[in-house]
Amino acid sequence: MELVKQKILITGATDGIGLATARMLTSQKRHLLLHGRDPEKLQALKQELSIDGEQIETYTADLSYMPNVKALAKAVSVDHTRIDVLINNAGVCKVPKKVTREGLDIRFAVNTIAPYLLTQQFIPLMQPDSRIINVSSRAQSPVDLDALIGRKRIAEDFTVYAQSKLALTMWSRYMALEEKHLTIVAVNPGSMLGTKMVQEAFGVGGHDARIGAEILTHATLSEEFATASGKYFDNDARRFTRPHADALNPKKTKAVVRTIETILAHIH
């Protein structure tokens, strides 16, 4: 009897932690669905990882535009009847164009709203033991709801990034309480890892990206994370710990989720 391979979807898989995680998860027991913005990079990665007969499929989408997020979910749903693990890894910090065509700050769009929408779209494909792993950050600061919805602009890139990652952490916990049959966790993969985002934002090389890949792989496969729904793992501290206090505040968390839902309700 053929072993059913675990289907794992990784967003932002062509660079940094996403790329390192895709390489780490490559094995005969995994069926990888890899997302990226650059089709050439995706094709090169597919060729690299398919050498040993791996099942690799690729999907191209710009996650700053919500109709593209829906199209990505539809494309995956046409090809697959189930998803075992969704790793919402794609993220941006310092970018030349800061506002999306829908009037959102691109950091909130890619880091917070797109993974929320993608997760909602994939819930029907998930089993009781499926996992959603949201790549957060140790950088977390109180969310300005006017900035989240696009009514206010924040000049400092890292400030918006930190807010977007707290918002992601907040809705991760909220959704874990709503979707009790799934495991939903937020993970800080490690600070200042050697990714293109860190290089562009801070002008430094950073630490080995495999540090982040190792914890995301552990979160994907280990029993430790199977019972950790709603929790936050800080890889700098190497343990589950408390996120920013706002993520533990039901009123503030609900306000963030309602704002995300309002945004999505006005986007077609």
Side-chain angles (χ1 to χ4, degrees), residues 10-22 34-42 45 58-72 87-119 134-171 186-207 209 212 256 259-260 263-264 266-267:
I10 307 172
T11 66
T14 57
D15 290 292
I17 298 169
L19 174 58
T21 303
L34 306 179
H35 155 267
R37 286 182 300 173
D38 187 327
E40 292 184 0
K41 283 187 175 182
L42 278 173
L45 180 58
T58 59
Y59 297 88
T60 307
D62 178 355
L63 300 186
S64 69
Y65 185 50
M66 295 309 123
N68 288 351
V69 178
K70 288 185 176 181
L72 169 61
I87 303 177
N88 283 311
N89 165 73
V92 293
C93 181
K94 188 175 182 179
V95 289
K97 186 178 179 182
K98 298 182 180 181
V99 181
T100 73
R101 68 179 93 176
E102 293 160 321
L104 301 169
D105 187 292
I106 195 169
R107 276 66 60 101
F108 280 122
V110 175
N111 302 350
T112 306
I113 303 165
Y116 182 93
L117 177 57
L118 200 59
T119 298
N134 291 329
V135 178
S136 183
S137 171
R138 197 168 193 177
Q140 300 175 21
S141 61
V143 181
D144 185 325
L145 297 180
D146 285 334
L148 173 58
I149 207 166
R151 286 195 291 256
K152 177 181 177 180
R153 302 294 175 214
I154 298 174
E156 171 55 44
D157 294 305
F158 193 68
T159 299
V160 188
Y161 174 81
Q163 290 191 26
S164 73
K165 289 300 186 179
L166 176 56
L168 173 74
T169 305
M170 293 170 83
W171 76 245
V187 177
N188 164 33
S191 298
M192 300 299 289
L193 299 182
T195 65
K196 184 171 72 174
M197 185 171 66
V198 167
Q199 175 66 42
E200 291 173 349
F202 301 103
V204 297
H207 307 298
V256 165
T259 302
I260 295 171
I263 293 166
L264 294 175
H266 289 84
I267 290 173

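Note that the coordinates shown come from a computational prediction; the quantities given were computed from them, not determined experimentally.
- At distances below 3.5 Å, at least one donor-acceptor pair connects side-chain atoms of R107 with backbone N or O atoms of C93.
- No donor-acceptor pair under 3.5 Å is formed between the side chain of E102 and the backbone N or O of L104.
- When all heavy atoms are compared, the tightest approach of P115 to A109 is CD-O, 4.4 Å.
- The structure places CG of D62 at 6.0 Å from CG of N68, a figure rounded to the nearest 0.5 Å.
- Atom CG of L72 and atom OG1 of T60 lie 9.0 Å apart (nearest 0.5 Å).
- In this structure, N89 contributes its side chain and G12 its backbone to a donor-acceptor pair below 3.5 Å.
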Legend entry - Derivation of the side chain to side chain contact (heavy atoms under 4.5 Å, CB included) call for T169 and Q140: CA-CA 9 Å; T169 305; Q140 300 175 21; 3.9 Å; yes
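- With sequence neighbours excluded, no residue forms a side-chain hydrogen bond (donor to acceptor under 3.5 Å, both in side chains) with T100.
- Here the straight-line distance linking atom CG of L148 with atom CD1 of I154 works out to 9.5 Å at 0.5 Å rounding.
- Scanning all heavy atoms of the two residues, the minimum distance from S164 to N111 falls at OG-ND2, 3.0 Å.
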Legend entry - CA sep, side-chain torsions, deciding dist, call: M66, I113, side chain to side chain contact (heavy atoms under 4.5 Å, CB included): CA-CA 8 Å; M66 295 309 123; I113 303 165; 3.9 Å; yes
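- Side-chain contact between V143 and M170 is present, with at least one heavy-atom pair separated by less than 4.5 Å.
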Inset, instruction - Start with the C-alpha gap between V99 and I106, add the side-chain angles, then the distance that decides, and say whether side chain to side chain contact (heavy atoms under 4.5 Å, CB included) holds. - result: CA-CA 5 Å; V99 181; I106 195 169; over 6 Å; no
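- Taken to the nearest 0.5 Å, the OG1 atom of T14 stands 7.5 Å off from the CG atom of L45.
- Q163 is listed as a side-chain neighbour of F108, based on a closest heavy-atom distance under 4.5 Å.
- Looking at K41 and D15, a side-chain N of the basic residue comes within less than 4.0 Å of a carboxylate O on the acidic one, giving a salt bridge.
- Atom OG in S136 sits 7.5 Å away from atom CG in L166 (nearest 0.5 Å).
- Across every non-hydrogen atom of I267 and K70, the tightest pair is O-NZ, 4.1 Å.
- V135 has its side chain out of reach of N88: every pair of non-hydrogen atoms, C-beta onward, lies at least 4.5 Å apart.
- Residues passing the side-chain hydrogen bond (donor to acceptor under 3.5 Å, both in side chains) test with D146, sequence neighbours excluded: R151.
- Listed here is the closest heavy atom pair of A90 and T11: N-OG1, 3.0 Å.
- Here K98 does not pair with D105 in a salt bridge; the nearest charged N to carboxylate O distance is not below 4.0 Å.
- Using a distance-only test at 3.5 Å, with no hydrogens or angles considered, no donor-acceptor pair links the side chain of K165 to the main chain of V160.
- Residue S141 holds its OG atom at 11.5 Å from OH of Y161, rounded to the nearest 0.5 Å.
- Side-chain contact between D144 and K152 is present, with at least one heavy-atom pair separated by less than 4.5 Å.
- Contact record, L34 with A22: CD2-CB, 4.0 Å, taken as the closest heavy-atom pair.
- Although no hydrogens or angles enter the test, the distance criterion places no donor-acceptor pair under 3.5 Å between the side chain of N134 and the main chain of V187.
- A distance-only check finds no donor-acceptor pair linking the side chain of H35 to the backbone of Y59 [under 3.5 Å].
- Residues T58 and L42 come closest through the heavy atom pair CG2-O, 3.7 Å.
- Within a 6.0 Å radius of CD in E40, no more than 12 heavy atoms belonging to other residues, nucleotides or ligands are found.
- Y116 is listed as a side-chain neighbour of L264, based on a closest heavy-atom distance under 4.5 Å.
- By the 4.5 Å heavy-atom criterion applied to side chains, L118 and V69 are counted as neighbours.
- In this structure, T112 has no side-chain hydrogen bond (donor to acceptor under 3.5 Å, both in side chains) partners at least two apart in sequence or on a different chain.
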